[in-house]
Amino acid sequence: MTTINWMEEVQKRKEDFIKDLQGILQIKSVLDEENATPEAPLGQGVKDALQYMLDLGEKDGFSSKNVGNLAGHLEMGQGEELVGILGHVDVVPEGDGWSVDPYSGIVKDGKIYARGSSDDKGPTIAAYYGMKIVQELGLPIQKRVRLIIGTDEESNWRCVDHYFEHEEMPTQGFVPDADFPIIFAEKGISDYDIVQQAQPGESAGGNVLLSFASGRRYNMVPDFAEVHLKVADEASEVIRNYQAYIQETGLEGKATPNNGEIILTLVGKSAHAAEPRHGKNAGIYLAKFLQTVALDDAGEKYVDTVAAFYEKSRGEVFGITYEDEDSGDLTINVGVMNYNQEDGGRVGLNMRTPVTFDIEAGKAKIEATVKEKGLQLENFSFSKPAYVKKDDPLIQILQKVYEGQMGEKAELLAIGGGTYARALDHGVAFGAMFPGREDVMHQKDEYAIVNDLLQATALYAQAIYELAK
Ligand SMILES: [Zn+2]
């Protein structure tokens, strides 16, 4: 059996690769529900990007299928088993501040610039060319290989939800939508709300918590909080104490008197919810202060609910602390806090659970704790973890491919964040960002290093062959 020089095969196709990549980068495939039609449920741009991939595949001799204009696939080979590769061709809006046209795909200094160049059109085209090389070399494979193309990864995953309702789940596969070498464990992700009903008609002689607001997203540590207090007569004392608290915590904040009210603001530090300890939660810090102020019963109850999470991001509040060797600690981020006197309050949490955590038992404990305090648990959602054991043949094959081509150890990564890999029953994230590279996904001037994409293509080509042979 002759050995294949994968990189050489990729280099032969470099010009076409760049041309085909530019073609899809030039389609503005941002979710556009306002202009949705039955044929283009996520907008015309998204549909055009999907169609582009299907046309490309048909031209190259793959069989293709459009699945509800939400997803599609290109397939080669024959056999019982199915190897799946899952990429996406939708992009987040380009935003401001670009120094080049975000939908040009211009190549400068070895980098190709465009929204989607690194997330995820570049890696998807790399996977496509991986398949194309295996096909063009006529290599013997015993399984079917399918490139599945999603179009709603950046928003609601309606693409994969719909796709897997109607289409076969691959036996195994990988997802080129994250980092090299291999992400083998991703925590489960759960969002839920703790709700406090309004208590109308309460007499309000002393201080009253009128409103409390902090955070807009469950998956971020909020960096700003604002509270409106109606104060009885010790307004100056509250302001003095707050200023002392601000000094003590080293955070920025203000107490502003306003017509018999005081407005308190606090600036914390934002961070991704996957590790709340990397941030300073403005809402929690402000609630912690408010525990030292005499408040109305409802206000006090809300403040206590939030402040309970002060320096407790490991599930202590619900008695569900948990860790496992492969994926680490359970974490809880307090992402969204909203309260006002008329409507009551809501605390929105984002919980990341280790891969071996029993979510049903965990949910029951949360519910019990919440009920005991006279609160309700609402909007509980759970995205199951993605996990393939370290000694699984899928991992071993991808490790061998990576180490063989890269000449360095293929470290296995466990993360608290979620990748598209969790849409597969038995899949891992495999690239396409190499270790140490600047992460420019979702940023202005997003780019991909052309040589990295070509290297990724070589890895994908061999991985597809090794998995399918
Ligand atoms: Zn992506």
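Fair warning: this is a prediction, and the values are worked out from it, not measured in the lab. Quick note: residue numbers are just sequence positions, from 1. Start at 1 and go down the list; that is how both ligands and their atoms are numbered.
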Taking it one step at a time, do Ile85 and Val175 satisfy side chain to side chain contact (heavy atoms under 4.5 Å, CB included)?
CA-CA 6 Å; Ile85 304 134; Val175 174; over 6 Å; no
Examine Lys14 relative to Phe17 and say whether NZ or CZ is less than 6.0 Å from the centre of the six-membered ring and inside a 45° cone about the ring axis.
no
Salt-bridge present (Arg13, Glu9; N to O < 4.0 Å):
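Yes, charged N to carboxylate O under 4.0 Å.
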Just wondering, is there an N, O or S atom on Asp177 that's nearer than 2.8 Å to the Zn ion (ligand 1)?
yes
Would you mind naming the N, O or S atom of Asp119 nearest to the Zn ion (ligand 1)?
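Restricting Asp119 to its N, O and S atoms, the minimum distance to the Zn ion (ligand 1) goes to OD1.
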What's the atom name of the N, O or S in His88 nearest to the Zn ion (ligand 1)?
NE2
Using distance alone, with no hydrogens and no angle criterion, decide if Glu411 and Tyr402 have a side-chain donor and acceptor under 3.5 Å apart.
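No donor-acceptor contact under 3.5 Å links the two side chains.
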